[in-house]
Engineer: 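Structure below; questions to follow.
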Amino acid sequence: MDAPSIRKKLTRWYENAQRDLPWRRTREPYPIWISEIMLQQTRVGAVIPYYQRFLARFPDPAALAKAHEDDVLALWSGLGYYSRARNLQKAAKQIVDAGEFPATHEGILELAGVGSYTAAAIASISFGLPHAVVDGNVRRVFARLTNNANVDTQALADKLLDRRDPARWNQAVMELGALVCVPKSPLCGECPLANHCMARAEGTQGEVPGKKIKPQTELRERTLFVIRRSGKILLVPSNKVKGFWDLPERLPGARLGEVLGTFTHTITHRRYTFTVRRATGKAPKGSRWFEEHKLGDIPCGTTAKKALRISSDSPNGAAADAS
DNA sequence: TACTCGTGGCA
DNA sequence: TTGCCAAGAGT
């Protein structure tokens with residue numbers, strides 16, 4: 001493996017092909033950290049608006065540390081993996097207590113919600129430290145480069161790391177995976193490493209690395225109740241996501257009304273078919289009335305928002321409630 | 001180790 | 001429509 005040639009070709013490609021992403025305009029550890037947490041298992045296009053709102057609202061660790069958790073979760077609503085938001089605030093408090101953002105790989109790794117990938121990303125991008133990132137892109141790129149799905153990715157990443165500019169190298173490998181060496185139908189014709197790629201030489205780039213085995217999807221049915229009164233909507237504390245509010249799913253003694261519609265929502269390997277149904281009854285313990293136009297200010301899951309959209313689209317939905 | 005956590009875009 | 005899967009971490 002010709003490491004110097006690979007470094008040179010990929011680096012040159014990256015200098016020309018990289019996207020203009022908001023978090024690439026800085027090396028400050030705080031915004032880099034926020035972006036890296038948001039990008040975990042989440043597409044760039046989904047992250048950008050959240051990143052900008054979050055930085056505007058919480059411009060530094062102190063602002064994030066002293067915020068109400070509900071405000072943090074509300075800003076995160078819709079992005080998913082909500083433990084990231086809670087860990088983010090926990091880590092902000094760690095940073096404030098320490099007096100500054102940790103400047104070593106070891107110190108960064110101690111932050112709540114920061115694992116090996118994120119620690120290496122922040123260490124290299126913000127501090128220029130020689131730590132190679134391994135994420136899904138890197139695993140795929142190196143599996144194809146070696147035509148070996150079981151290659152020791154961390155060892156190879158450490159070996160290929162460009163120690164003159166770890167930040168540029170790490171992002172170059174990930175960018176190649178995101179734009180060219182994509183999971184399905186890789187664009188080998190545009191790949192700067194095509195001549196080094198063992199998978200391409202063997203014609204296996206469409207099969208390496210293999211797909212991961214996933215548990216079979218379970219189908220389940222649930223019902224969400226829409227209860228309105230005086231222009232407000234009744235929500236109960238989520239029993240799945242701490243700090244979130246959801247539409248009620250069980251109402252002892254309630255009178256059931258018409259079905260307003262259905263939608264599906266998949267979480268991990270379970271696909272739920274939700275029935276949205278009007279109901280009347282007294283508010284369960286712990287429930288609260290919210291003005292519907294203020295739901296953006298509270299932590300509120302996507303299922304509730306989908307359901308409320310259906311209920312207001314329904315010819316017998318919100319309009320009928322106003323009477 | 002294997003499982004779980006959310007959501008949306010895309011083929 | 002359904003399945004795939006994306007800049008992973010915690011348990």
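Proteins come first, then strands; the chains are lettered A, B, ... in the order of their sequence lines, and each starts at number 1. Remember, it's a predicted structure, so these values are computed and weren't measured experimentally.
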Engineer: For A/Met174 and for A/Thr264, find the nucleotide of DNA chain C with the closest heavy atom, then tell me which residue's nucleotide is more 5'.
Structural biologist: A/Thr264
Engineer: Over how many whole Å does the gap from A/Lys90 atom NZ to C/dG10 atom P extend?
Structural biologist: 9 Å
Engineer: What parts of residues 140-161 of chain A reach DNA chain C, counting only heavy atoms under 4.0 Å away?
Structural biologist: A/Arg140
Engineer: Expressed as a whole number of Å, how far does the P atom of C/dT11 sit from that of B/dG6?
Structural biologist: 14 Å
Engineer: For A/Ala143, does its backbone N or O pair with a side-chain atom of A/Asn147 as donor and acceptor, under 3.5 Å?
Structural biologist: no
Engineer: Could you check how far CG of A/Asn87 sits from C1' of C/dT11, rounded to whole Å?
Structural biologist: 12 Å
Engineer: Within this structure, what is the CG-to-C1' distance between A/Asp135 and C/dC5, rounded to whole angstrom?
Structural biologist: 13 Å
Engineer: With respect to the side chain of A/Thr118, which nucleotide from C/dG10, C/dG8, C/dG3 is positioned closest?
Structural biologist: C/dG8
Engineer: Does A/Arg19 offer a backbone N or O that forms a donor-acceptor pair with the side chain of A/Arg24 under 3.5 Å?
Structural biologist: yes
Engineer: Is A/Leu109 isolated, or which residues cluster with it under the ILVMFWY side-chain rule of less than 4.5 Å, directly or via members?
Structural biologist: none
Engineer: I need the CZ-C1' distance between A/Arg271 and C/dC4, as an integer number of Å.
Structural biologist: 13 Å
Engineer: Mark up nucleotides 3-11 of chain B, 5' to 3', with B wherever a protein heavy atom is under 4.0 angstrom from a base atom, S wherever such an atom reaches only the sugar-phosphate, and - elsewhere.
Structural biologist: -SBBBBB--
Engineer: Below 4.0 angstrom, N of the basic side chain to O of the carboxylate: do A/Glu207 and A/Arg144 qualify?
Structural biologist: no
Engineer: Let me know the distance between CZ of A/Phe263 and P of C/dT2, rounded to the nearest Å.
Structural biologist: 15 Å
Engineer: Check every strand shown and say whether A/Val114 touches a base, only sugar-phosphate, or nothing at a heavy-atom separation below 4.0 Å.
Structural biologist: sugar-phosphate
Engineer: To the nearest Å, how far apart are A/Leu88 CG and C/dA9 P?
Structural biologist: 13 Å
Engineer: Between side-chain atoms of residues 176-196 of chain A and protein atoms elsewhere (two or more places apart, or another chain), which donor-acceptor pairs fall under 3.5 Å?
Structural biologist:
residue  : atom : partner : partner atom : Å
A/His196 : NE2  : A/Ser5  : OG           : 3.3
A/His196 : NE2  : A/Lys9  : NZ           : 3.0

Engineer: If you measure from the P atom in B/dA2 to the same atom in C/dA7, how many Å do you get, rounded?
Structural biologist: 24 Å
Engineer: Salt bridge check: are A/Arg220 and A/Glu218 linked by an N-O gap of less than 4.0 Å?
Structural biologist: yes
Engineer: Considering every strand and a 4.0 Å limit on heavy-atom distances, what is the contact class for A/Trp23: base, sugar-phosphate, or nothing?
Structural biologist: base
Engineer: Under 3.5 Å, sequence neighbours excluded: what are the donor-acceptor pairs made by side chains of residues 54-62 of chain A?
Structural biologist:
residue : atom : partner : partner atom : Å
A/Asp60 : OD1  : A/Ala62 : N            : 3.1
A/Asp60 : OD1  : A/Ala63 : N            : 2.8

Engineer: Determine, for A/Arg222 against A/Glu249, whether the closest basic-nitrogen to carboxylate-oxygen distance falls under 4.0 angstrom.
Structural biologist: yes
Engineer: Looking at every strand, decide which applies to A/Leu21 at a 4.0 Å heavy-atom threshold: base, sugar-phosphate, or nothing.
Structural biologist: base
Engineer: We want to know whether A/Thr42 and A/Arg84 form a side-chain donor-acceptor pair, criterion being a heavy-atom distance below 3.5 angstrom.
Structural biologist: yes
Engineer: Let me know the distance between CD1 of A/Ile122 and C1' of C/dA7, rounded to the nearest Å.
Structural biologist: 11 Å
Engineer: Pair up each side-chain donor or acceptor in residues 45-53 of chain A with any protein partner under 3.5 Å, not counting sequence neighbours, and list the distances.
Structural biologist:
residue : atom : partner : partner atom : Å
A/Tyr50 : OH   : A/Ser77 : O            : 2.8

Engineer: How close or far is atom C1' of C/dC5 from atom NZ of A/Lys214, stated in whole angstroms?
Structural biologist: 5 Å
